[in-house]
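We count residues from 1, following the sequence as given. Whatever order the structure lists ligands and atoms in, that order sets their numbers, starting from 1.
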Amino acid sequence: MKATARAHTNIALIKYWGKRNESLILPANSNLSVTLDGFSTETTVHFQEDLKKDIFLLNEQNVEGNDLGKVAVFLDKVRALSGNEIYAQVQSVNHVPTAAGFASSASGLAALAAASAKAIGLSLDDTELSKLARQGSGSACRSIYGGFVEWQMGEREDGADSFAVQVADRSHWDIRIAAVVLSKTMKKVSSREGMRRTVETSPFYAGWLEQIPKDLQEIKQAIADKDFEKMGSIAEANCLRMHATTLGANPPFTYWQDTTMRVMQTVQSLREQGVPAFFTIDAGPNVKVLYLPEDEDKVKKRLHSIEGVDDIIISKPGNGISYL
Ligand code: ADP
Ligand code: DP6
Ligand code: CO
């Protein structure tokens, strides 16, 4: 009863920001991402009769408290699905900074979903696996698939129609995503807490939701047409609108730091010089820059020259779940 799975992180071009159901993790809006080949998680789940509780090791360190609790609650769902009340040892390695806005919860919970389902003997198709991963972390439902992926919010209150689908395979379009690493330190406000506070208190939240159907329809067309300027400008505007909602929350907050702003301004100035580059930012200070392969040297050089930038990690569109 042992299995190992690998999943990659993803970066949202149309953000998931807000839940309509907290316990089932149902989103308030449909959203869309690209799976990234540069960041991943590998997780081994071993169910064992002699264990009295679940054990969780992350990057070879024993984890207790809240993060163990989240893994155990997730495994409870897997146990309920299989009808087998047996505890597991979970060993996970993040090839991505944890809880820093690089979507470790996406690769982490997608890998956990795939490995635990296989280890306990469930044979789930990708749709069922996406629904399971969703209940661990919303963004994880998209990491089941490679390439360009849409999480369709669904309408049902039981979540049966809320899962991800692939919009285009990774081979459809060779774009590049540079993750500009400013800070590997953990964020103060988790994605979960940040979106909850925003939904409950920000008067800007209604405006955020209003624009989503249009953004989503247009970006899917841009991906189908390989229209880079259109895709990039929709993604950048959607990101700015999401981050604007946090400033309206009570208490107000932002994920941005001074270097975040410098990277954003550099991307805008690259565009003024004729290089099509666009940014997007998840719940953290680090910026992801979208550009085309032929502009790699120019983009890398400019990004490296920014004060406060630690590292730049380049991704292409990546693969979905695999078993090792
Ligand atoms: P991020 O930007 O990294 O996704 P979040 O606040 O959304 O930040 O999620 C971070 C949380 O995801 C961690 O505190 C932990 O609970 C969970 N997590 C991260 N990596 C893993 C993993 N490999 N296995 C299980 N859970 C993980
Ligand atoms: C800003 O999936 O990390 O990155 O569902 O509470 O685990 P939970 O949150 P999470 O939220 C991601 C938010 C985001 C946008 C996105 O990835 O779509
Ligand atoms: Co996350």
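Between the side chains of Asp169 and Ser171, at least one donor-acceptor pair of N or O atoms lies under 3.5 Å.
Ligand-side atoms of ligand 2 in range of Ser191: 3 (O), 9 (O), 10 (P), 11 (O), range being under 4.0 angstrom from any heavy atom. Numbered from 1 in the order shown, with element, the atoms of ligand 2 that lie under 4.0 Å from a heavy atom of Met195 read 9 (O), 11 (O), 13 (C). Ligand 2 places these atoms under 4.0 Å from at least one heavy atom of Ala283: 1 (C). Atom numbering of ligand 2 starts at 1 in the shown order; those under 4.0 Å from a heavy atom of Ala12 are 16 (C), 17 (O), 18 (O). Shown in contact with Met242 at under 4.0 Å from a heavy atom are these atoms of ligand 2, numbered in order with element: 1 (C).
Using 4.0 Å as the threshold, Gly284 has no heavy atom nearer than that to any atom of ligand 1.
Nearest protein neighbour of atom 16 (O) of ligand 1, counting heavy atoms only, is Asp67 OD1, 2.9 Å. Of all protein heavy atoms, the one lying nearest to atom 27 (C) of ligand 1 is Leu109 CD2, 4.1 Å.
The residue among Arg192, Gln135, Glu22 with a heavy atom at the shortest distance from atom 8 (P) of ligand 2 is Arg192. Here atom 6 (O) of ligand 1 lies nearest to Lys187 when heavy atoms of Lys187, Gln91, Lys70 are compared.
Checking Ser105 against the Co ion (ligand 3), an N/O/S atom falls under the 2.8 Å cut-off.
Considering backbone and side-chain N/O atoms, Gly101 comes within less than 3.5 Å of an N/O atom of ligand 1. For ligand 1, one of its N or O atoms has an N or O atom of Ser104 under 3.5 Å away.
Taking the charged nitrogens against the carboxylate oxygens, Arg271 and Glu229 have no contact shorter than 4.0 Å, which rules out a salt bridge.
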